[in-house]
Each structure stands twice: as C-alpha cells, then as structure tokens.
Amino acid sequence: MTGSLHWDAAFPLLRLEGEGTRNFLQGQTSADVADTPEGNLVQTCWLTATGRLRALLELRLRANGADVLVLAGDATAVAKGFDQVIFPADRVRLQPMTEQRRVQPLSTSSAALWLDDDSPLPPNWTSNPANPKQFERWRIEQRLIFGPGELNADANPLELGLSDHVSLSKGCYLGQETVAKLANLGGAKQELRGWICNQVLSVGDTLRANGERAGTITSVLDTPEGSIGLALVRRQHLAAETLDGSDGETVQMKPQPVDQGPAVG
C-alpha cells in the first residue's frame, strides 16, 4: 500500500553560520560529522547530558555553516539549547528559525530530499502524497520515533532503535559518556517494539506479564485489522509473544525485524 506513496511535510530549520559549525555540531550531536561531505543529509540525535533523546535532527553541512532540520522534538528547545552553549570562540552564529520542505517515499530504503515549497517532485517519482493516517501506519510499521509518546518516554537512542545515529568512536559530545557506558554494558534495559490488539489501547497504558510491569504503550493507531502501535518493552520481556494490556487485553507483540532499514531515510 505504501510503496506508491510519499511523505511531504515542512519542518523547523535552524541555520548555523561560521567556520566552526562542523566542530560545534560534532560536540553537540551524536553522529560523527567530521568527514560528512557538504550537501549530504545525515541524521543525528540531540541528547541530554544523561543520554536521553531530546530531538532527532537531519543535518546538511555547507562550506561555512550547516542547516539543521528538526525531524522530531521541540525545535525551540533545540535553538535555545544551541544558543546557550555557543561562545565567541566557537566561531558559530545561530540564525532565526525558518521552515524546510522535506519529501520521502514510504519505503524502508528510501532517501529523503529537501525541496523549495513550490518545487515539483523529481520526474521519476510516480507516488502520491500520503494522508496523515497512511503516514502514521507506515511510521509505526517501520518503528520510527516521530510520535510524542516515544520522545516523551525519557529513553535513550539505543532503546529507541537509533544506534546507527550514535557514534561510539568519536570524541566527547553531549550525552556521550552515558550512551557509551550503556553500549559497553551490552545494550538497553528496554527496546521499542510493534504490537497489534483487537481492542483499543491508549498511549501511556502499561503492559504486563504475569502481573509484572513489562512495558509502556507509546503510539496507537486504529486500523481495520485492530489497534496497532509501538511500545517500549523491558528487556526481560522482549521474547514474549503476547503481553497483557492495562485492562487485561491480549496484546500481540511483533518480532524484531531482521533488517529495519534506515531510521527515516
């Protein structure tokens, strides 16, 4: 169904100017951008000092600056956070926030494009724009963390399936010490999983196994097949085929896919 659809949306955009921009982003975000070619899109996380995910960003480096698109999270908080740690020695200036149009086919291996508001799609694109429900279903099926429930879950990027957005080898960055410690200890205490249920569940509902707390619902979508969604499931219950909802509902857990593909393109 989603193979002939694409996602077309506008996102907040922060512009950084100055010759120190690349080094600044290297210290403030989780991906290694030291050798990222100019013009390429690279996704990265903005973390708290304790390694919790605050925002998911998509960067485009320029010769003397960078464009920072806020894919998920509070763009105002990102701008304020950057502004608070920019010093004259950084040789970076933060420009006023704007918006950027972003398009992406709904497929696991699709690449995103940044376009002007009035620009046509590339001539080889034959898909139609997805409506909000179609996009949300794809997002949930791909286990992407654009929902407020995932970002408000006080979770780290390893728990949210964003390990490919985190460098464990580059120098110090915000939240790096905690993330490196978690990776060295063998992973996360919880992981994001998909689920389906023939009854309606709600974001924030607790999942249980034999009366023990096993996880928390983070996203819900009603479909003709029943409710589907995402949940953060505790590590010791990741192998469970079913869990119990808050009111005793049977919640079927979906297995972790062998290859999830890129997080968002």
Side-chain angles (χ1 to χ4, degrees), residues 1-17 21-22 25 28-31 33 36-47 53-63 65-79 81-82 94-151 157 160-162 164-166 192 219 221 230 260-265:
M1 178 187 68
T2 57
S4 61
L5 299 173
H6 65 264
W7 178 24
D8 192 335
F11 294 87
L13 187 77
L14 309 177
R15 291 180 65 87
L16 297 174
E17 304 288 351
T21 296
R22 190 180 292 259
L25 290 172
Q28 287 297 310
T29 68
S30 63
V33 298
T36 298
E38 293 175 14
N40 283 18
L41 299 182
V42 58
Q43 290 170 11
T44 185
C45 302
W46 184 53
L47 308 176
L53 181 67
R54 295 192 69 186
L56 181 63
L57 311 176
E58 190 166 75
L59 312 179
R60 182 175 64 185
L61 278 296
R62 293 182 275 103
D67 301 317
V68 181
L69 184 146
V70 182
L71 273 170
D74 185 341
T76 301
V78 177
F82 280 8
L94 179 63
Q95 303 299 319
M97 192 183 307
T98 59
E99 280 197 339
Q100 174 63 53
R101 182 186 175 199
R102 181 184 187 276
V103 297
Q104 178 184 351
L106 300 193
S107 64
T108 57
S109 58
S110 58
L113 295 174
W114 291 10
L115 297 176
D116 293 335
D117 289 345
D118 55 355
S119 294
L121 294 173
N124 60 328
W125 284 40
T126 58
S127 57
N128 297 312
N131 63 41
K133 191 164 185 176
Q134 289 169 328
F135 166 74
E136 182 67 1
R137 178 162 190 160
W138 175 76
R139 179 189 80 80
I140 287 173
E141 290 173 345
Q142 297 302 313
R143 303 183 192 182
L144 307 183
I145 57 88
F146 298 125
E150 286 80 45
L151 279 171
L160 293 169
L162 297 174
D164 58 341
H165 290 42
V166 174
L192 201 63
S219 288
L221 177 68
L230 298 173
Q260 285 185 266
V264 286

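All heavy atoms count here, side chains included; hydrogens, waters and symmetry mates do not.
The ring of W7 has its center closer than 6.0 angstrom to the ring center of F146.
The shortest distance between side-chain heavy atoms of H165 and P157 does not fall below 4.5 Å. Contact of the L113 side chain with the W125 side chain is registered, since non-hydrogen atoms from C-beta on lie closer than 4.5 Å. Counting heavy atoms from C-beta outward, L14 and V78 have side chains that approach closer than 4.5 Å. Using a 4.5 Å heavy-atom cutoff, the side chains of L13 and W114 are in contact. Using a 4.5 Å heavy-atom threshold, the side chains of L61 and R22 count as touching. Using a 4.5 Å heavy-atom threshold, the side chains of E150 and L230 count as touching. In this structure, the side chains of L151 and L53 come closer than 4.5 Å at one or more pairs of heavy atoms. A heavy-atom distance below 4.5 Å is not found between the side chains of L41 and L59.
In this structure, the side chain to side chain contact (heavy atoms under 4.5 Å, CB included) partners of N40, at least two apart in sequence or on a different chain, are T36, P37. Qualifying side chain to side chain contact (heavy atoms under 4.5 Å, CB included) partners for E99, counting only residues two or more places apart in sequence or in other chains: A10. Partners of D74 under the salt bridge (Lys or Arg N to Asp or Glu O under 4.0 Å) rule, at least two apart in sequence or in another chain, do not exist in this structure.
Atom-to-atom distance recorded for Q43:CD and L56:CG is 5.5 Å, nearest 0.5 angstrom. Of the inter-residue distances, the one linking L160 atom CG with L144 atom CG reads 11.5 Å to the nearest 0.5 angstrom.
Salt-bridge annotation for R139 and E136: present, with a side-chain N of the basic residue lying under 4.0 Å from a carboxylate O of the acidic one. A salt bridge is defined here as a Lys NZ or Arg NE, NH1 or NH2 lying under 4.0 Å from an Asp or Glu carboxylate O, and R101 with D8 meets this definition. Ionic pairing of R60 and E58 is not present here: no N-O contact between side-chain nitrogen and carboxylate oxygen is shorter than 4.0 angstrom.
In terms of heavy atoms, L162 sits closest to C45 at CD1-SG, 4.0 Å. Listed here is the closest heavy atom pair of S219 and G147: OG-CA, 4.4 Å. Considering all non-hydrogen atoms of both residues, L94 and A79 come closest at CD2-O, 3.5 Å. Of all non-hydrogen atoms in L221 and I140, the two that sit nearest each other are CB-CD1, 3.7 Å. Listed here is the closest heavy atom pair of L16 and R62: O-NH2, 3.2 Å. Summarising the geometry of F11 relative to V70, their closest heavy-atom pair is CD2-O, 3.5 Å, with the distance given to 0.1 Å.
In this structure, a donor-acceptor pair under 3.5 Å is absent between the side chains of R102 and Q100.
In this structure, T44 contributes its side chain and T29 its backbone to no donor-acceptor pair below 3.5 Å. Looking at S119, its side chain never comes within 3.5 Å of a backbone N or O of L115 through a donor-acceptor pair.
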